[in-house]
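See structure below.
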Amino acid sequence: MATTTKDRVRVGGRTVELTHPDKELFPDDGITKAELADHYRRVARRMLPHLRDRALVMERYPDGYRGRSFYHKDVPDYFPDWIRTCEVPKEGGTVTMVVCDAAATLVYLANQACLTPHPWLSRTEKLDCPDRLVFDLDPPGEGDFATVRWAARQLGDLLTGLGLRPALMTTGSRGLHVVVPLVRGTDFDTARGFARAAADTLASRHPDRLTTQVRKDKREGRLYLDIQRNAYAQTSVAPYAVRARPHAPVATPIGWDELDDPGLGPQRWTLRTIGDRLEKHGDPWRGLNRCARSLGPAMRRLEQ
């Protein structure tokens, strides 16, 4: 049971106080901090399976989405002790990071003007073994989202043919993410090697439309199959996260059949419209963790 007032949110058995709840984080639309917190309260049940047991980087905008921003990795001293944390090794020591495993934590982060949580691709008990692969597909040119939809279809077919169960999400920014749930059995270098090989294979089939060339001046108008997120300590935008763009677009899981919709775009759903979509269509990523597959058989099929 959750209740919300102007300056506090009661959720998951905790009360989260909101400071400056009327502060407009998206002033063009009058979207306040209180409204952001309420969004994360409402989507928590669907978000948390993809955040639980993962170190989290907070993308914070204390002056609203047009103001100064920063990526916050370490947990400040003033965070309440009920928020779960984990120690992550780094050069010369460790860093204490947030682990978001409760709806109250999501609401608390919203009160810190964290518009977008970015979880790791691995879980805390096995930081060096990813259980997600991410392919980032952005349009090669302004307004060329048809190419993104086409590329996502080709990539999805390739991965499915290799025995994997990829999922699809609008990023709320420029493009689409193709996300592959994995059984943890490989390290990041191996997983990244597979992602690179899959991208190279697809690009070789469509050399006039796709590329794995990192340098922009070498892409020649082709869509870049970006696998760079698949490395230790890298993150990916969480499903149902709000992005720092006009009208507060939301990263939204979609079904593969929705690629056929010419009206699909990366910012199609916003903080104020995502509730209607979920009510009508449900959550396409429900049960996604059960779709995890071992990378070994897929790697052997790809080699063949």
Side-chain angles (χ1 to χ4, degrees), residues 121 130-183 185-232 234-237 239 251-262 264-266 284-285 288 291-304:
L121 302 182
D131 64 353
R132 296 280 170 96
L133 274 181
V134 176
F135 296 82
D136 190 4
L137 309 180
D138 285 341
E142 200 65 36
D144 189 13
F145 203 73
T147 297
V148 178
R149 294 191 293 115
W150 172 84
R153 177 71 69 192
Q154 304 308 311
L155 179 59
D157 288 347
L158 171 64
L159 295 171
T160 301
L162 296 174
L164 301 172
R165 297 283 301 276
L168 196 59
M169 182 178 76
T170 67
T171 63
S173 180
R174 298 188 62 237
L176 295 173
H177 280 179
V178 176
V179 178
V180 185
L182 300 177
V183 172
T186 57
D187 59 22
F188 271 102
D189 287 343
T190 303
R192 185 184 178 93
F194 168 82
R196 182 180 295 110
D200 286 341
T201 298
L202 194 60
S204 70
R205 293 179 181 177
H206 308 280
D208 57 329
R209 302 185 71 177
L210 301 174
T211 182
T212 56
Q213 178 57 248
V214 176
R215 288 182 54 178
K216 289 184 178 181
D217 60 353
K218 299 288 187 180
R219 295 178 191 170
E220 300 175 336
R222 295 170 293 175
L223 184 143
Y224 172 47
L225 298 168
D226 186 355
I227 58 94
Q228 300 301 319
R229 296 181 184 277
N230 300 293
Y232 181 82
Q234 294 296 306
T235 64
S236 180
V237 62
T252 305
I254 62 174
W256 285 97
D257 59 322
E258 294 182 85
L259 282 178
D260 298 328
D261 181 359
L264 180 67
W285 280 20
L288 182 65
C291 295
R293 297 291 183 271
S294 173
L295 203 51
M299 293 171 66
R300 291 190 288 272
R301 291 188 183 105
L302 186 61
E303 290 172 358
Q304 296 168 2

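For this chain, numbers begin at 1 and follow the sequence in order.
- Every residue meeting the side-chain contact (heavy atoms from CB on, under 4.5 Å) condition with R174, not counting sequence neighbours, appears here in chain and number order: D138, P139, R245.
- If you take CG on L264 and CG on L168, they are separated by 8.0 Å, rounding to the nearest 0.5 Å.
- A donor-acceptor pair under 3.5 Å is formed between the side chain of R149 and the backbone N or O of L259.
- In this structure, L155 CG and L210 CG are separated by 9.0 Å, a value rounded to the nearest 0.5 Å.
- Residues passing the salt bridge (charged side-chain N to carboxylate O under 4.0 Å, His left out) test with D208, sequence neighbours excluded: none.
- I254 CD1 to D261 CG: the interatomic distance, rounded to the nearest 0.5 Å, is 9.0 Å.
- Minimum interatomic distance between A195 and L133 (heavy atoms only, all atoms of both residues): CB-CD2, 4.2 Å.
- Not a single donor-acceptor pair under 3.5 Å links the side chain of S294 to the backbone N or O of V183.
- Between the R192 side chain and the Q228 main chain, a donor and an acceptor come within less than 3.5 Å of each other.
- Smallest separation of non-hydrogen atoms from A152 and W256: O-CZ3, 3.3 Å.
- Salt bridge annotation for R153-D260: present, with a cationic side-chain nitrogen under 4.0 angstrom from a carboxylate oxygen.
- Every residue meeting the side-chain hydrogen bond (donor to acceptor under 3.5 Å, both in side chains) condition with D144, not counting sequence neighbours, appears here in chain and number order: T147.
- Here the options are L202, N230, L159, L176, the test is side chain to side chain contact (heavy atoms under 4.5 Å, CB included), and the partner is F135; only L159 passes.
- Judged purely by atom type and a 3.5 angstrom limit, Q234 has no side-chain atom pairing as donor or acceptor with the backbone of A231.
- Although no hydrogens or angles enter the test, the distance criterion places no donor-acceptor pair under 3.5 Å between the side chain of T160 and the main chain of D157.
- Nearest approach of P239 to P253, heavy atoms of both residues: CB-CG, 3.8 Å.
- Nearest heavy-atom pair, L295 versus A191, reported as atom, atom and distance to 0.1 Å: CD2-CA, 3.7 Å.
- Atoms OH and CG, from Y232 and D187 in turn, are 12.0 Å apart once rounded to the nearest 0.5 Å.
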Would L288 and R132 satisfy side chain to side chain contact (heavy atoms under 4.5 Å, CB included), going step by step from the backbone distance to the final call?
CA-CA 11 Å; L288 182 65; R132 296 280 170 96; 4.1 Å; yes
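- When atom types are taken as modelled, the side chain of R219 and the backbone of V214 share a donor-acceptor pair closer than 3.5 angstrom.
- Distance alone, capped at 3.5 Å, places no donor-acceptor pair between the D131 side chain and the P181 backbone.
- Rounded to the nearest 0.5 angstrom, L158 CG and R205 CZ are separated by 5.0 Å.
- A search for side-chain hydrogen bond (donor to acceptor under 3.5 Å, both in side chains) contacts involving Q213 returns nothing, not counting sequence neighbours.
- Considering only residues two or more places apart in sequence or on other chains, D226 meets the side-chain hydrogen bond (donor to acceptor under 3.5 Å, both in side chains) condition with none of them.
- Scanning for salt bridge (charged side-chain N to carboxylate O under 4.0 Å, His left out) contacts around R222 gives E220, with sequence neighbours left out.
- Contact between G265 and T170 at its shortest, heavy atoms only, is O-CG2, 3.8 Å.
- Rounded to the nearest 0.5 Å, atoms CZ (F194) and CD1 (I227) are 11.5 Å apart.
- Closest of all the heavy-atom pairs between T171 and H177 is CG2-CD2, 3.4 Å.
- Put simply, the side chain of L137 reaches to within 4.5 Å of the side chain of L225, judged on heavy atoms.
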